[in-house]
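Note sheet for the following structure.
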Amino acid sequence: FVAAICHDVGHTGTNNMFHQRTCSELALLYNDVSILENHHSATCFKIMSESSKSNVLSGLSKKEFQVARRFICHAILCTDMSRHDRELALLRSHSSTPFQKENEDDRQLLVSSWLHAADLSNPARSASLAERWARLLAEEMLSQTSKEAEAGLEVSAFMLGGYKHTNEIFFAKTFVLPQWEVLGLIMPPMNFYVEQVQAQLGRLQRRIESEEANRSDEQMMENRNTFHSGDFRSNEPSLGKIKTEVANECRKGGGLRMFRSSFQGPLASTSSSPMCGEDSDESLGLSCNGIDEEDEIESQASSRCV
């Protein structure tokens with residue numbers, strides 16, 4: 001319990017890599033090795049040594065204190081994610097081999113594994129609480145990127161995105177679930193937390209699918225509104241413009257053929273349009289004879305808009 005209470009005491013709000021890259025005082029003090037975890041452990045015992053009221057281990061004998069200190073320090077150091085794979089492999093090797101109570105290494109491995117699992121237990125909480133904590137962590141990461149930029153360092157890209165369901169799924173599947181699954185094999189009642197993590201993964205996946213469906217519906221609605229508003233015809237010439245251009249070309253003596261070859265637009269490529277037939281002016285159903293007869297021009301030009 002002492003290790004659990006103190007496993008993040010004095011946290012700086014930045015990770016070990018940040019301390020390494022900035023050569024912080026803590027990085028220099030702990031030689032870049034489990035920087036924060038060493039800091040948490042040292043702070044824990046510093047607090048206990050400052051006052052007999054805060055020293056919860058004061059009733060232990062010297063030998064017992066040494067054992068307790070060893071267990072506490074090791075457990076806190078094992079919350080360093082760089083040790084995750086190695087510690088999980090050790091724990092997994094005991095899934096078919098019982099732990100021996102008399103074996104101090106076995107007891108120490110169990111203590112550190114439980115604390116590490118608890119440290120990663122956010123996805124095993126209730127949905128609302130898990131998301132609140134995850135969003136706070138995302139804010140902390142985003143804050144670190146600002147500090148990296150201020151220090152002239154390359155910004156950690158993976159911290160820039162903020163809270164994302166996909167990030168939570170990746171973390172839970174890669175680190176959290178395997179840890180709890182092995183603990184569940186060793187101690188079956190702990191499978192409750194395995195089920196909690198699996199349920200959270202299911203909820204996150206459903207939310208992703210729901211949000212994607214909503215985005216798809218919104219896009220369809222936007223496309224439908226664009227269609228009905230006539231925006232897709234914004235570049236199409238008006239009937240009046242068509243009539244004017246036909247008349248102008250005829251007056252110039254260019255005829256409808258010149259007008260048709262120079263005209264570009266959605267109607268020019270419509271296969272059902274009378275203007276997409278033979279190349280002769282007669283096939284257009286329009287002639288320059290009687291160009292001043294406005295009703296005839298309007299009737300023929302309208303056929304292109306059908």
> Do you reckon Trp114 sits in the same ILVMFWY cluster as Ile72, going by side-chain contacts under 4.5 Å, direct or chained?
Replying inline: no

>> Using a 6.0 Å cut-off, check whether atom CD of Glu209 has over 12 heavy atoms from anything other than its own residue.
In response: yes

>> Pair His165, Glu211 - check side chain to side chain contact (heavy atoms under 4.5 Å, CB included), show working.
In response: CA-CA 11 Å; His165 299 321; Glu211 290 173 2; 3.2 Å; yes

>> Whether the side chain of Asp8 engages the backbone of His11 through a donor-acceptor N/O pair (distance < 3.5 Å, no angle test) should be reported.
In response: no

> Is His84 close to Gln179 at the side-chain level, that is, under 4.5 Å between some pair of heavy atoms?
Replying inline: yes

> Which heavy atom in Met81 sits nearest to a heavy atom in His116, and how many Å separate them?
Replying inline: SD-CE1, 3.6 Å

> Sub-3.5 Å donor-acceptor pair from the side chain of His7 to the main-chain atoms of Ala4, do we have one?
Replying inline: yes

> Between atom CG of Asn167 and atom CZ of Phe158, what is the distance when rounded to the nearest 0.5 Å?
Replying inline: 9.5 Å

> Any side-chain donor-acceptor pair under 3.5 Å between Arg203 and Gln200?
Replying inline: yes

> Phe99, Val182: one ILVMFWY side-chain cluster at the under-4.5 Å cut-off?
Replying inline: yes

> Which value, rounded to the nearest 0.5 Å, describes the distance between Leu160 atom CG and Gln144 atom CD?
Replying inline: 10.5 Å

>> Please check if the number of heavy atoms outside Met17 that lie under 6.0 Å from its CE is greater than 12.
In response: no

> Where is the tightest heavy-atom contact between Ala138 and Gly162, given as atom of each residue plus distance?
Replying inline: CB-C, 3.8 Å

> Between Leu201 and Ala172, what is the shortest heavy-atom contact and its length?
Replying inline: CD2-CB, 3.7 Å

> Checking Ser121 side chain against Ala124 main chain: does a donor-acceptor pair fall under 3.5 Å?
Replying inline: no

> Under a 4.5 Å side-chain heavy-atom rule over Ile, Leu, Val, Met, Phe, Trp and Tyr, are Leu26 and Leu28 clustered together?
Replying inline: no

> Of the non-hydrogen atoms in Phe71 and Arg107, which two are nearest, and what is the gap between them?
Replying inline: CE2-C, 3.8 Å

> Are Ser52 and Ser58 side-chain neighbours, meaning at least one heavy-atom pair lies under 4.5 Å?
Replying inline: no

> Mind checking whether Phe45 and Cys6 have side chains closer than 4.5 Å, heavy atoms only?
Replying inline: no

> Between Glu168 and Arg207, does at least one N-O distance fall below 4.0 Å, as a salt bridge requires?
Replying inline: no

> Taking the six-membered ring for Trp, are Phe175 and Phe170 parallel (under 30°), tilted (30 to 60°) or perpendicular (over 60°)?
Replying inline: perpendicular

>> In the structure I gave you, are the side-chain heavy atoms of Leu120 and Phe171 within less than 4.5 Å of one another anywhere?
In response: yes

> Does some side-chain heavy atom of Met190 sit less than 4.5 Å from a side-chain heavy atom of Val194?
Replying inline: no

> Just by modelled atom types, is the Val33 backbone N or O under 3.5 Å from a matching donor or acceptor in the Asn31 side chain?
Replying inline: no

> Just wondering, are more than 12 heavy atoms of other shown residues or ligands nearer than 6.0 Å to CZ in Phe18?
Replying inline: yes

>> I need the minimum non-hydrogen distance between Ile186 and Ser95, along with the two atoms involved.
In response: CG1-CA, 4.1 Å

> Can you check whether Cys44 reaches His40 side chain to side chain, under 4.5 Å on heavy atoms?
Replying inline: no

> Any side-chain heavy-atom pair from Thr14 and Thr22 closer than 4.5 angstrom?
Replying inline: no

>> Can you tell me how far apart CD (Glu25) and OG1 (Thr12) are? Round to the nearest 0.5 Å.
In response: 12.0 Å

> Is Ser41 reaching over with its side chain to a backbone N or O of Asn38, donor-acceptor style, under 3.5 angstrom?
Replying inline: no

> Would Val155 and Tyr163 show up in the same hydrophobic cluster when neighbours are defined by side-chain heavy atoms closer than 4.5 Å?
Replying inline: no

> Do NZ/NE/NH1/NH2 and the carboxylate oxygens of Glu139 and Arg135 come within less than 4.0 Å?
Replying inline: no

>> Distance check, rounded to the nearest 0.5 Å: Glu37 atom CD versus Leu77 atom CG?
In response: 7.0 Å

>> Test of understanding: clusters of I, L, V, M, F, W, Y form through side-chain heavy atoms closer than 4.5 Å, transitively. Do Leu109 and Trp180 belong to the same one?
In response: yes

> If you round to the nearest 0.5 Å, how far is CD of Glu181 from CG of Leu91?
Replying inline: 12.0 Å

>> Strictly below 4.0 Å, N to O, side chains only: are Glu148 and Arg21 in salt-bridge contact?
In response: yes

> Which heavy atom of Ala68 sits nearest a heavy atom of Leu57, and at what distance?
Replying inline: CB-CD1, 4.4 Å

>> Determine whether Asn122 and Leu137 satisfy the following criterion, side chain to side chain contact (heavy atoms under 4.5 Å, CB included), listing intermediate values before the conclusion.
In response: CA-CA 11 Å; Asn122 192 53; Leu137 180 58; over 6 Å; no

> Is there side-chain contact between Glu212 and Arg215, with at least one heavy-atom pair below 4.5 Å?
Replying inline: yes

>> Holding to salt bridge (charged side-chain N to carboxylate O under 4.0 Å, His left out), I want the full list of residues that pass it with Glu104, two or more places apart in sequence or in another chain.
In response: Arg70

> Rounded to the nearest 0.5 Å, what separation is found between the OG atom of Ser113 and the CG atom of Leu183?
Replying inline: 6.0 Å

